[in-house]
Peer 1: 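Before anything else, here's the structure in question.
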Amino acid sequence: MGLIQYIVSRVGAYLIVLFVGVTITFFLPRLMPSDPIEGYIAQMQNQAGQSMNPETIEELRTSMRKLYGLEGSIVDQYVDYIKRVFISFDFGPSLASYPKPVSEFIFTALPWTLGLLGTALVVSWLIGNIIGLVAGFYHNSRWATLLEIFGVILYPIPYYILALVLILLFAYIWPIFPLSTTILPGPITWEKINSIIYNSFLPALTLVLAGFGWNILGMKALSFANKEEGYVTFARLKGTPSRTIMFSYVFRNSILPQITALALSIGGVFNGALLTEILFSYPGLGLLMRTAIGSGDFNLLYGTIIMSIVSVATAALIIDLVYPLLDPRIRFR
Amino acid sequence: MTTVLKTEGLNKSYRLGGFINRVKINALDEVNLHIESDAPVIISLVGESGSGKTTLAKVILRLVEPSSGTATIYDQQVAGKGAVPSKHTFLSSIQPIFQNPFEAFSAYRSVDKYLQRTANRINEASAKEAELNIEDALASVGLKYADVKGKYRNQFSGGELQRISIARALIPRPKMIIADEPVSMIDASLRMNIINLFLSLKEDYNTSFLYITHDLATAYYVSDYIAVMYRGTIVEFGNAKSILTSPRHPYTQLLLDSIALTDRKWERKPFAASDIEAKEFQFTGCRFRNRCPLAEDICKHDRPQPIALPDNRDVYCHFVEKTAQKLETTP
Amino acid sequence: MKMNFRLKLGIFILAFFTLGSLILPLFNDVDPSQQGTYFKNLPISGDHLLGTNTQGQDIFWYLVYSVRNSLILGVGVSIFTTLISAVLGLSAGYIGGWYDRIIMILTDSVIAIPSFPILIVLGTLVRGNTNFFILGLILVIFGWAWGARTVRSMALSIREHEFINTSRFSGSNTVEIIFQEIFPYVFAYMVVGFINSILFVINTEAALAVIGLSKVEIPTLGSIIFWALNYNAMFIGQYMWIVAPVVATVVLFLGLFLTSTGYNQMFATRRGHA
Amino acid sequence: QEMTDVGTPRNETLIFQTFDRQTQTPDQHNPLMNFAIWRGFRELGWGFLWETDTGTGESYPELAAEMPIPLNDEFTSFEVRLKQGVYWSDGEEFTADDVIFTLDAYRELQGTSTWFGVARINAYVSDYEKIDDYTVRIDTINPAYDFSTVLGVYTWGSAFIIVPEHIFSQVDNLAEFRNTYPVTIGPYTVKEFDPNGFWQLWELREDWERSAWGFLDEDGYMPQYILYKDYGPEETRSLSFVQNAYDVDTFMSPDSIKAAQARNEYITTFSPDMPYHNMDDACGYGVLMNLQRAPLDLPEVRWALALSLDLANVGINSVNGEFVASPLPMVDTQILRPIYFEPLISWLEELTLADGYQPYNANWSAEFVDTLGQMGAQDLPEDPMNFGIGWWKYDPEEAGNLLSSVGFTQNADGIWQLPSGEVWDLEFVIPGDWNKVMQRVGFSIADSWRRAGIQVNVIQVDNAEFGVVQNTNAERVTMLNWTNCIFTPNYLNSWNNVELEYVNDADATDTNSGNQYQWSNATVDQLVKDAKQIETTTEEFRQIGREIIQQFVTDMAYINIMNIPTTIPTNEYYWTGFPKRDNYYAVPYSWWSSVKEIVANIEPTGR
Amino acid sequence: MIKLNNLVATYTTERGQVNAVDGINIALPSGKIIGIAGESGCGKSTLLKVIYGDLIYPLALTSGNVEYGFTGDRGTEVTTRDIKEYWFRRISYIPQASMSSLNPVIRIRRQFVDFQGNVVDEAKILAEVREYVRSLDLPAEAIDAYPHQLSGGMRQRIMVAMGTFFKPDIILADEPTTALDVVVQKSILMLLMDIQEQMENTILFVSHDMGVHYQLTHKMLIMYAAKVVEFGDSEDVFSTSLHPYTKMLTDSLPTIGDDHIREGVSGRPPSLWDELVGCRFAARCPLATEICRQQEPALLEHKPGHFSACHHADQV
Ligand SMILES: Nc1ncnc2c1ncn2[C@@H]1O[C@H](COP(=O)(O)OP(=O)(O)OP(=O)(O)O)[C@@H](O)[C@H]1O
Ligand SMILES: Nc1ncnc2c1ncn2[C@@H]1O[C@H](COP(=O)(O)OP(=O)(O)OP(=O)(O)O)[C@@H](O)[C@H]1O
Ligand SMILES: [Mg+2]
Ligand SMILES: [Mg+2]
């Protein structure tokens, strides 16, 4: 298979994954018993503290159906939807916050989620892999074992509890970080960036601590196995310093599967976003998703889920395309 | 007459390298071999490292799909379009000995498992028979079953593993064994035992061999036929004894000249082996032309066609007539 | 076969948890999940080894049942996810071609779709009619893809090794090659995946309880934590309520981890590696 | 000087925890569309024709100069006189033109607006006319005894929000106008807000005294800044509260409040003794049942559920014993108790079920106080009636009798089976963790039913689905709900459609549009129809109310449980003068009209 | 002089312990190419490992030590204890498996320098490497490639270059040409010979190919079943061997043009697991007598510089 064919086939698979994802995303929420409009009407009645008479409700219902584009058969809606998403990346208006378009929500939230969770993901991936590497490489050393046990103890602690403990420590008992996120509006200045970093530090730290455990385990297994390879033995026989062996040999060779894992775990970011954002009042896609579900806002839900699908699939595609640069042995067949 | 081995226009190309500097390598380039015989035969395949010997073996073993062409073993087409031999007959008639004995067994399975599987599956032997089959096969390569049992590949020396590989291939008593450098890691004394074993298998069980080797002396000792390969092409093919005693292709001659003998020391003159392997694979004409003392313009453009000589061999050289006398083999 | 210290300690921890949580309930006849059985917020005492919580339940007994249920669920689900990912990943990697492509599109789709919102939707569909079986099924559905993808990529490179061919010429069939030749190479990685999956199940179960896919009334490590958090246990000084399940989870995981790495090491030693 | 997170002096900023944590529409301040409702917009930025005094439940004129003047005997035409000298924040005067423009806009936006008020007013008002700059006439479709609460404010809701004509008339498409930094008529203007919707900062107008409700203030002092901000879920919020980061919380659970008080002496609750919190919320928690669907169509079964509900245990386990029980289908508040509860006590004591059983436990509160005492609770009130007038007996045995009487049986495990012999698997919908207190109450109820041998299947659902279950018969078996929101003695706001014509089939999938109990009771139907023809402040109107209540109880149309324990702790480090039991001038809630009164009444401590 | 003092090296396995080098006591002259031959599994590689000082689990040195005949940085005689410090600077190792001995993901040139610890001036070292590689008539581009881009022969030559770059005193080569064709093999051997001539280092060269030994070596060391059975000048060993096993090794091979049937050595080498008494070759030896089965022959200097461990050395 030639290079072009390889790229074409990867991109093809990418599009199919997107398509399958988008389709599942479209149909599943339709099965939800909570009709967004009914939910909305109920909410209105609660807000008002007064019940409306049936005629008013009926009127509201029809006009909202029209507004939200929920008319027509489900097939029509689907075709229309696929067209809009794939051609103009338009998810329609939010149902709960009509007429604000979903894309506007997403574009406000996305940078926050990517900024915080992306950074935390990469950092914890790096730390986890390095600890895993050391633990696998020096598996007989006491220090490495200690480091590994530390990771292994931290790892199973439920995220939420870990976060609470950190909050207690660093925002309450020893208040060097804020308890809740405050982000001031206005143009990006140094001051603002500083404030964002200050406000994001604790959530990021939690994500990092909670995240690297898995990388430790994976990397340890990989590097432990990699140590048996002939070139590692030979490097040792060359008298190569063990640090060099560890990084240039064992690490460079075991990191490849971990890179794939990193790309795929971007999906986890969107799940992880949820808890973090709730706990730290941090703006982002996770909270948006939660709101969308809570209020039965299909359009917003689609938007966020598709955003997530696109990110993961794109990351995986990029990794696949870049992989040959990382692994010179790759041959296309 | 049975067609013991026949390849017709066999081609196999690989692509090497990354995105930018990718090269195509014709590891097999129009390989045509044909041997008809009622008696079992031993065919040696010799040549430069990387010249496509293993590739040819793998095509015959159905492990590599040829880019084009066909291969036939004992009247049965095994490779190329339309080859669908039944699995069991195929396995019981052809068995391989792989080149790198360290790679031939999993690091996670003790090597005797492979022997047992072969005995159980291909011989369809009962547990007891299997035990005997294995015992026999190992004994014929100088090993004791008890020393092999339960051990993993890194607990053997290279030669031991190679012998175990051979023993495994012997268990089904196949019609043809494809032996890819089966004795490269075995000491001289045992090596002869194994080579003699091949001969007696040929006598007693009618087993034919495709014997891939760098050891030209043993090739001379056992083979009926020999094929010499260079960069994916056959350069000389035919009767083993005559080719090895009077080579007619310049490469064969170079090869024979490079043997480390035990009675005559090499002349210590500057010696540069070719290294631009990938480049030579790209040549349109004769691939040996860069190192050939006879090379002329025609060698650049025309792939030499086989010239059949009366002593039952084909030589792929434009200047066969000039090679009858010994050449200066400085490339 | 000589066991190393790691393995011994790991097996000891696992045995302790398994036996403890299976046997102890035989000596108890109070439903630990019933509210208001005792006065609330009682301190640690001989009657209540870990005190009682804000709902008037005995924390120790609740924990014992929780460990049992979580272990059963975790191990059950992990066996299936691991099996599925092994079978699909290895076969896709080994067999390749169309089969591989279809499996991979399936895997990638499952991976790319964020599970949480979908689970919530499922939760509303199942509408409280859940039991451990449905819960397990859902966890399996969302748990296999990751493993499958990694295992496949490993299988892709392993199938190029010569011993695969040796095995084939020894008469092994595809299934045997996948499980006897390729599988051992991914085994260590899968064991890690397996214990990770147990942890995933324990932690996800609580989240699923919240969205109605599991029942928070049934004692599990997840539900204890759910309740402790719901009552802000850490802040109101009910430390045992929250510390006990976390310590249990951590120790349990440590047990799994030590067992798996200890075993790997033992096997490596057996194969003659340091 | 200490500053807040948003850069204002802390001691000049009054800070509320937001009600809904985050809003999706922080920049949306156009009241003709759905807007950021929990950020003080309606309370601080706006004004209405009439407001509700949350302390007494009475309406009073705000933008109007006086209460509406009925122009005919049918009560369908009213003259509304406006105050003079009220100004918008940009200096324009408020006049009848604004009212007329708004009414016009409501008409125009019918069908395109997502604001419920538009539909509500259009279905209510038939005609209107400007009489002069400060007078308008408004006609209604039906007799409108509730004119001042519909065109004004009912406790917290307001359907009619008057917009500045001089701004809105410049806008092309009102349905897409966001009005991000609005011209307000209240004393505050939006200074800044979080684009992500976590906070919003209000600043006092310089001319606040000529704003819609500047007159409420008596001492000439109002806080310079008011911040609505989310301090996270309870786990982290309670920490912030201890650190004096904000002043007024919303629904913190009783256990956390106690723990917070132990750490910070400035944290106070509504009352110094139990139950510490204000229970004057308009709504109560109750179990809503599908009265159409077997076996819940049988009053015996419904009574059995009520009698196997161990309220003392539920209250202790879920809300630490801090609640007010109410056996009647309304909340037991300072306003309602004298009117509806006290007159019915003797009737409750004599109430007998068909089998002669007397379900009422008048001693419930006293017994409850006893239990609390045994458990070591402190600050128990001298009058047990603080926990309510009483509740139903906890008597699973009688519940069993009732069930047996309609053919139920118990299996070997003691689980109740339907007359058909199948296990009775009762579906019980409760809110998920978006409403923790209800969630806990729900699980506790389920627990006590289970102990009585009833197999309960608890389903936690999300906000949106909860609304659907609430409004769709097909989805509902039983659910824990906040319901029956009656704040003023005018019960019609909740009961105006408990009428037969609104009852759907047991399995109807359409949304119900009235009679939320789906209760068909001909007597009540008639009573409601009668009540609609009567002035709401009369004794006759209230007598009808008591009769309806009796019907509710006898039928056990729904099991009312307790007033919503609206636990609003305050932190008095920076501000003091919040409404407390001994200083009760308004309900203490930060999302009701009471905010106006609170803002006008509080004082800085100078710290 | 490299002194092997009474070496016993043991492998630990599940089944127990096995001595793969069992009492080797001999002095090897410096500055010579010493060939090592013997049946497969007799402990040649193990001996090299021991000499190299690569004693990690499961291999351990049960007794004895090696003196390398040079003094180390601390001015003391280097022995097995501290030889590790001199790896690749004064003693180097060329393994057989060039295929798997090079890191597939980094370029050759990095692998050329990464064993030197903290390289101060990498550019300078690289230039030296380049110069050295060129001086060996290897294409300089080769070191810029990834291993998989090179042919087996080229990789093996790179290994030779790598192993000799620091002009070590001792070079251990374990079957470095086994997998290569004779043309390439010849080029590598010539390369080694040239290097040795220039640097005068000691090369221990393991091979099964007696022809190679004949071409290359100055001295021969023959092993059988974990023991040394013969040691002497190559000329002597090939022409007048003093051990029947050596004789079999040299005689059993066929030559081109000679159509005689060759017999291998009958029987099989003893398993190292068994208890071994007497001469280990006795079972297969045509000269074996009772004494051979009873008593283990010592390695004796039968002629000046020519050692043999055979009771019947005179009859060979
Ligand atoms: N899977 C493969 N992908 C790409 N190229 C390959 C592959 N296998 C072999 N080649 C290339 O094809 C050529 C022929 O290889 P092959 O292994 O057949 O040679 P050989 O004659 O067996 O060599 P040797 O004597 O070293 O075993 C070589 O250049 C090799 O690099
Ligand atoms: N890691 C190991 N564990 C256990 N036994 C081993 C190990 N490596 C080698 N052996 C055993 O030690 C003996 C000597 O092995 P060694 O590799 O030194 O032989 P060799 O002479 O180099 O053989 P070859 O010529 O085949 O390479 C053999 O019997 C072998 O089975
Ligand atoms: Mg080959
Ligand atoms: Mg060896």
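Per chain, numbering begins at 1; letters A, B, ... match sequence-line order.
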Peer 1: Rounded to the nearest 0.5 Å, what separates atom CD in C:Gln55 from atom CG in D:Asp447?
Peer 2: 8.0 Å
Peer 1: Give a yes or no on whether C:Tyr38 atom OH has more than 12 heavy-atom contacts from other residues, nucleotides or ligands under 6.0 Å away.
Peer 2: yes
Peer 1: Where does D:Val314 contact chain C at under 4.5 Å (heavy atoms): side chain, backbone, both or neither?
Peer 2: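 Interface part for D:Val314: neither.
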Peer 1: Atom CD in C:Gln35, atom CG in D:Asn317: separation rounded to 0.5 Å?
Peer 2: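 So the gap between those two atoms works out to 5.0 Å.
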Peer 1: To the nearest 0.5 Å, tell me how far D:Ile316 CD1 sits from C:Thr54 OG1.
Peer 2: 12.5 Å
Peer 1: Check whether any side-chain heavy atom of D:Val458 sits under 4.5 Å from a side-chain heavy atom of C:Lys215, and report yes or no.
Peer 2: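 A side-chain contact under 4.5 Å is absent here.
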Peer 1: Taking atom CG of C:Asn230 and atom OG of D:Ser253, what is their separation to the nearest 0.5 Å?
Peer 2: 8.0 Å
Peer 1: Please state whether the side chain, the backbone, both or neither of D:Ser448 comes within less than 4.5 Å of a heavy atom of chain C.
Peer 2: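 For D:Ser448, there is no contact with chain C at all, as no heavy atom is under 4.5 Å.
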Peer 1: For D:Asn313, which atoms come within 4.5 Å of any heavy atom of chain C: side chain, backbone, both, or neither?
Peer 2: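 D:Asn313 touches chain C through side-chain heavy atoms alone.
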Peer 1: How many angstroms lie between OH in C:Tyr231 and CD in D:Glu235, if you round to the nearest 0.5 Å?
Peer 2: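 C:Tyr231 atom OH to D:Glu235 atom CD measures 13.5 Å (nearest 0.5 Å).
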Peer 1: Does the ring of C:Phe235 carry D:Arg263 above it, NZ/CZ under 6.0 angstrom from centre and within 45° of its axis?
Peer 2: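 Yes, D:Arg263 and C:Phe235 form such a contact.
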Peer 1: Roughly how far, to the nearest 0.5 Å, is CD1 of D:Ile257 from CG of C:Asn232?
Peer 2: 11.0 Å
Peer 1: Any side-chain heavy atom of D:Gln460 within less than 4.5 Å of one from C:Val216?
Peer 2: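 When only atoms from C-beta onward are counted, C:Val216 and D:Gln460 do touch, with a gap below 4.5 Å.
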Peer 1: Chain C heavy atoms under 4.5 Å from D:Ala262: which part of the residue, side chain, backbone, both or neither?
Peer 2: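 Neither part.
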Peer 1: Where on C:Leu42 is there a heavy atom nearer than 4.5 Å to chain D: the side chain, the backbone, both, or neither?
Peer 2: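 Neither the backbone nor the side chain of C:Leu42 comes within 4.5 Å of chain D.
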Peer 1: I'd like to verify something: which residue of D:Arg450, D:Gln374, D:Lys258 has the highest number of heavy-atom pairs under 4.5 Å with chain C?
Peer 2: D:Arg450
Peer 1: Between D:Asp310 and chain C, with a heavy-atom cut-off of 4.5 Å, which part of the residue counts as in contact: side chain, backbone, both or neither?
Peer 2: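 Looking at D:Asp310, nothing touches chain C.
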